[in-house]
> 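I have a structure here, written as structure tokens, and I will follow up with some questions on it.
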Amino acid sequence: MAIFKRKYFKLSLDQPTGKDDETLWMKCKACGELVFKKRVRENNNICPKCGEYFFLTAPERIQMLVDPGTFEDISKPIGAADPLDFADQGGVPYLDKVKKAQEETGLSNEIIVGKASLNEVSVILAVMDFRFIGGSMGSVMGEQLCHAMRVAADERRPFILVSSTGGARMQEGILSLMQMAKTLSARQWLEAAGVPFISVMTYPTTGGVQASIANVGDITLAEKGALIGFAGRRVIQQTIKQTLPEDFQTDKFAYEHGFVDRVLKREGLRQELSRILRFFAGISRQRREPMALRILNSGRSHER
Amino acid sequence: MAIFKRKYFKLSLDQPTGKDDETLWMKCKACGELVFKKRVRENNNICPKCGEYFFLTAPERIQMLVDPGTFEDISKPIGAADPLDFADQGGVPYLDKVKKAQEETGLSNEIIVGKASLNEVSVILAVMDFRFIGGSMGSVMGEQLCHAMRVAADERRPFILVSSTGGARMQEGILSLMQMAKTLSARQWLEAAGVPFISVMTYPTTGGVQASIANVGDITLAEKGALIGFAGRRVIQQTIKQTLPEDFQTDKFAYEHGFVDRVLKREGLRQELSRILRFFAGISRQRREPMALRILNSGRSHER
Amino acid sequence: MSDKRIVELERKIRELRTFSEDGIDLSAEIEKLEAKLQTLKEQLPPVPAPTTPDEWDQVKLARNPKRPYTLDFIRLMMDDFYELHGDQMYADDAAIVVGLALFEGETVVVVGHQKGRDVTENIRRNFGMAHPEGYRKALRALKLAERFGFPVISLIDTPAAYPGTGAEERNIGGAIAQNIYEMFKLRVPIVIAITGEGGSGGALGLGVGDRVLMLEHAIYSVIPPEGCAAILFRDASKAPEAARAMKVTAPTLLELKVIDEIIPEPGEGAHTDHETTAANLKEAIRRHLKALERIPLEKLLEQRAKKFQAMGVFEELEETHARE
Amino acid sequence: MSDKRIVELERKIRELRTFSEDGIDLSAEIEKLEAKLQTLKEQLPPVPAPTTPDEWDQVKLARNPKRPYTLDFIRLMMDDFYELHGDQMYADDAAIVVGLALFEGETVVVVGHQKGRDVTENIRRNFGMAHPEGYRKALRALKLAERFGFPVISLIDTPAAYPGTGAEERNIGGAIAQNIYEMFKLRVPIVIAITGEGGSGGALGLGVGDRVLMLEHAIYSVIPPEGCAAILFRDASKAPEAARAMKVTAPTLLELKVIDEIIPEPGEGAHTDHETTAANLKEAIRRHLKALERIPLEKLLEQRAKKFQAMGVFEELEETHARE
Ligand SMILES: [Zn+2]
Ligand SMILES: [Zn+2]
């Protein structure tokens, strides 16, 4: 029954993605002004009138970060399964939800992993798309992330993760929780290979992703306007029965409490990543072997 | 001029130490009752009437901890020098102060290091004596501690440190600060040999000792009534211009803020140490090599 | 298993219908499948006996306040236990206990969540919901184990990491991530046992090891059923439905290879007989530790990573280059 | 050096007198020494020119608010500096700065204390007095250096670790001890430079390395002179006397082998010419890093430990078995 076999589409930045929308103008929800959509897109999806950040899809984010024409989707051709026969309140089966997300976003899954150049430095990039079931991490995202880290380690390219996610994908039950562990086990490969891992947290980076792979970068950046935290505001409010301070779990909160190295404006992100990568340019010709590699290489002969 | 050559006396627990005091009774400063001195001594220097802890000298502390007749002083025959020609306000030279402390305590220096059995487990013990210039750490204490840790590592005996000190010995200037680093460099030997280090903090454990060797035990215990902190109360009060909370830097404070594993009554200390040592009894026949040893053993062949 | 075939068939029919909506005519195919579905349904016994117990009943059992807790298991399984306290930086979190123990004559390090049995103790233990300092204390104990080559036993029983302001301010997510990562690198054998509630990241923060055991009536879930209900069903009281949808019990987890072994509970459940429960768990831990100690360290770490690398279910798809 | 001989002689005479008090008659010996002392004193030039500058003047120079601070040195010595923030657990402490830098085309990790130049900045930087989270942030940077094999440059300029309640509550002593210990184990070359005030454990918490350099007019002391004066002289205003007694300046420290090299400062001191000061320091760091990189790692760590093992001055004594 080959007809049921779903197909896997890799992202090409040359193709339009998602439902095309023919209007030329949009109204900014922050300042209320009418702005020219093309101008907004050229401006990193920031309102040219008031500076409000509009949402970035994963393809838009990638386009914003990489050198034109250099992006190559390296994701594995896999798709969500429904091991739990999960259906939500409305009785909508999980895979229907996935299919709907695919149609609405034009993406095969909630994360895009690829090779690209960033200001002429070759990197491995993983970018989540919040539109795709809240950018939540299930088995597919876990596998794509591990695959990306494997390639980064093997090819000794810096690994950049841009998170935009509500956390674990509940519809995959315990397996989504296990993706936290799975991705962290893969993070060892980067450490062993001496490959830098830069984690960029955007709006939102919460739940199981904040409590796993997004939080173990060598360098951790927050995009201005990011929401960063483990538990949801509502859950916390119900638990402590108090209203939360205004800046709770904001970019400022994360910075002041020492979780992130810096808070960056979206328009500066590309330049900043490029600047950070310069410090790691010599990795492959470094005289001193990175620590982890040395540990991994040792041991073998030291068992009793 | 051999007459100026100072001599080094090792501690023997069979000899009386310090100035002998002939009175049979003492008045407890806590409850005001007259108590029989011998009873107090037999009671770990605790008031038999009210439970107040009286001060313990290093020889008393050792006597309290070790199996009778098993203690052997292993200290090196060294004495304080005065590299800075230090004299305090009264113009009293540093070495005069040392000499006075020697006379008053009957000890050669402010720390006693030795081998002993503790409930039939062979250990290396280092005990500070607060009477000896505030039990402060200068070059002699630093050297004796390193020597003790060397022996503990070489002979694979657990290392127990009982601190009672105001911190660094200012009269030796920068060299006293360097003893913090010196003792911590020696602590590596214990880790590399897989030898446990139990640190016992008593009244007081402060300053440079609290910020170095006393604070890096595998297990850290506080004796009831201990004072534990880095900066002095007075200095802090002057800095913040507020009165400090009553329990500031107490045993309770250290426990509640997570610095010490347990707070122990003096009378239970010996039993507790003995109980802890049981967990490390198998160290030498452990199947798995301790981590640090493995790292130390490796590396050599992994330089580029 | 007929149930599963029906569900599968229903999904395929739904899928075909979607294609039909896209302008492709598949009505013949659909009709055939519907007939098959009908037959299948008729073949089913009128009231199919459930092979696994109801998920919500299991949740209630796992939360039974008379169940043995971590310190009960330690008391019943270990010859001595010396609890260690504090993260050496901020506080001692009583929601997690750690310490040295003698297990079958060998020294091990035990870490585990600890619930309270009465109100006073539950306030002190925060109902077994740990703050970052609890995870950092556990990490300290794990490093101690590594320094001395002591195997680690981790006992999991928590509703969740504490969802509070202090926990967030001190980076609870970071503390959990750090622990998970360090547990992959820890150079000693680790055996995990989910003894009661395995709640979310709060459980996984102590949950990476070479073997993962689970008590028969314990649960393990990505989010507490109430949380799942509140988010997906927009009604926290639908927790039973959420539990059933998420499948939080041992048999499913074994099938998904998230756990390695189910430890049987006596009678009506662990709460009816602490001794037998602990004896069963002890026997399993002993057996696994024995097996693990024979594995060379590098291989052990490799297998530990591979074990978790294998977790997840997805479909291999055919790759195409153009979208239809 | 005559001064020293006089002091020595005076001490011996005092010592002999003590013996005399114990009932031993040494008056003849004492008389002889006193005569010698007299002769020595007469031989001295009437106003002996001090060979080393006054200690208290040095303290004032080291504290000069126009001196180059850590970020000045970084700006003047490095091609790029990317500051990293936060301990990932509690806060970002601005009294310590850490980051990646390009030094002579190579990546290094820099850690250092940072004072403020005006009131606002000093409040933010807490006058360069760090809390535990500052040391923990530095440790994070050190571990990053180790992961990637980057050499470490540590710039020291702090009056002391902050003596406050929050610092004590979060175990400032433990944070300093931890850093010192980890710096001994860190598997990359480390060069330390004391650029201004090297105050107490607060300085040493970033102060363990393979080379310790010191600017000409910098100071390094076990306790700030005011603290020493308050404790030993019972009067904080006697800080100048305390500084002189403790000997806090570079020449003495070089003699005591606590530092390896004195970096000359231009003109009246570093505050008069930041550029030349930084150029001098840069040249020395470059030279030492080059030498260190040729040493195999295991040997480097061994030498680092030995360097500090050798610190301290004491007398070897003759051992006797009975007390007199
Ligand atoms: Zn706008
Ligand atoms: Zn009394």
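Below, all heavy atoms of this structure are taken into account, side chains as well, without hydrogens, waters or symmetry copies. Chain naming here is simple, since letters A, B, ... match the order of the sequence lines and numbering starts at 1 in each.
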> Identify which part of A/Ala181 has an atom lying under 4.5 Å from any heavy atom of chain C, answering side chain, backbone, both or neither.
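When you check distances to chain C, atoms from both the backbone and side chain of A/Ala181 fall under 4.5 Å.
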
> Please determine, by modelled atom types, if A/Arg169 and A/Tyr94 share a side-chain donor-acceptor pair under 3.5 angstrom.
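Yes, A/Tyr94 and A/Arg169 have a side-chain donor paired with an acceptor closer than 3.5 Å.
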
> Looking at C/Asp235, C/Ile172, C/Thr165, C/Val248, which one has more heavy-atom pairs under 4.5 Å with chain A than the rest?
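Most heavy-atom pairs within the cutoff with chain A belong to C/Thr165.
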
> Heavy-atom cut-off 4.5 Å, strictly under: side chain, backbone, both or neither for C/Lys238 against chain A?
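Contact with chain A: side chain only.
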
> Among A/Thr206, A/Leu244, A/Leu95, A/Thr220, who wins on heavy-atom pairs under 4.5 Å with chain C?
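That would be A/Leu95.
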
> Any idea which of A/Gly79, A/Gly208, A/Gly167, A/Gly173 has the most non-hydrogen atom pairs under 4.5 angstrom with chain C?
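The option with the most such pairs is A/Gly79.
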
> Go through C/Glu169, C/Lys299, C/Met246, C/Lys247 and name the one with the most non-hydrogen pairs under 4.5 angstrom from chain A.
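Counting heavy-atom pairs under 4.5 Å, the top option is C/Glu169.
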
> Using the side-chain contact (heavy atoms from CB on, under 4.5 Å) rule, take A/Gln249 and A/Ile236 through it: C-alpha gap first, then chi angles, then the decisive distance, then the call.
CA-CA 11 Å; A/Gln249 295 183 334; A/Ile236 296 172; 3.8 Å; yes

> Identify which part of A/Ala87 has an atom lying under 4.5 Å from any heavy atom of chain C, answering side chain, backbone, both or neither.
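A/Ala87 touches chain C through backbone heavy atoms alone.
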
> Which atoms of C/Leu232 come close to chain A, meaning under 4.5 Å heavy atom to heavy atom: side chain ones, backbone ones, both, or neither?
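For C/Leu232, heavy atoms of backbone and side chain both lie under 4.5 Å from chain A.
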
> So A/His257 and C/Asn171, side-chain contact (heavy atoms from CB on, under 4.5 Å) or not? Walk me through it.
CA-CA 8 Å; A/His257 288 101; C/Asn171 203 3; over 6 Å; no

> For chain C, which of A/Asp96, A/Ile228, A/Leu175, A/Ile174 has the most heavy-atom pairs under 4.5 Å?
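The option with the most such pairs is A/Ile174.
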
> Does C/Val222 offer a backbone N or O that forms a donor-acceptor pair with the side chain of C/Ser200 under 3.5 Å?
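Checked: pair present.
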
> With chain A as the partner, which of C/Ala236, C/Pro163, C/Ala161 has the greatest number of non-hydrogen pairs under 4.5 Å?
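Winner by heavy-atom pair count: C/Pro163.
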
> What part of C/Val313 gets within 4.5 angstrom of chain A, counting heavy atoms only: side chain, backbone, both, or neither?
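For C/Val313, backbone and side chain are both near chain A.
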
> Pick whichever of A/Gly138, A/Gly142, A/Pro93, A/Gly90 has the most heavy-atom pairs under 4.5 Å with chain C.
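Highest number of pairs under 4.5 Å: A/Pro93.
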
> Mind checking whether C/Pro225 and C/Glu55 have side chains closer than 4.5 Å, heavy atoms only?
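No, every pair of side-chain atoms sits at 4.5 Å or beyond.
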
> Report the C-alpha separation of A/Thr202 and A/Phe130 in whole Å, then their side-chain angles, then the decisive distance to 0.1 Å, and conclude whether the side-chain contact (heavy atoms from CB on, under 4.5 Å) test is met.
CA-CA 10 Å; A/Thr202 74; A/Phe130 190 74; over 6 Å; no

> Side chain from CB out, backbone as N, CA, C, O: work out which of these in C/Ser221 comes under 4.5 Å of a heavy atom of chain A, or both, or neither.
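Contact with chain A is through the backbone of C/Ser221 alone.
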
> Report yes or no: do C/Tyr162 and A/Thr239 form a side-chain donor-acceptor pair below 3.5 Å?
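The criterion, which ignores hydrogens and geometry beyond distance, is not satisfied for A/Thr239 and C/Tyr162.
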
> Between C/Ile176 and chain A, which part of the residue has a heavy atom less than 4.5 Å away: side chain, backbone, both or neither?
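Looking at C/Ile176, backbone and side chain both touch chain A.
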
> For chain A, find which of C/Val208, C/Asn179, C/Leu253 contributes the most heavy-atom pairs closer than 4.5 angstrom.
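Going by pairs under 4.5 Å, I would pick C/Leu253.
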
> Do A/Thr205 and A/Gln210 have side-chain atoms, one donor and one acceptor, less than 3.5 Å apart?
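A/Gln210 and A/Thr205 do not have a side-chain donor-acceptor pair below 3.5 Å.
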
> Have a look at C/Asp260 and tell me which of C/Arg211, C/Lys307, C/Arg304 forms a salt bridge (charged side-chain N to carboxylate O under 4.0 Å, His left out) with it.
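Result: among C/Arg211, C/Lys307, C/Arg304, C/Lys307 is the only option passing the salt bridge (charged side-chain N to carboxylate O under 4.0 Å, His left out) with C/Asp260.
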
> Counting only heavy atoms closer than 4.5 Å, note whether C/Arg170 contacts chain A via side chain, backbone, both or neither.
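For C/Arg170, the contact with chain A is made by the backbone alone.
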
> We want to know whether A/Ser139 and A/Glu172 form a side-chain donor-acceptor pair, criterion being a heavy-atom distance below 3.5 angstrom.
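Result is yes, a qualifying pair exists.
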
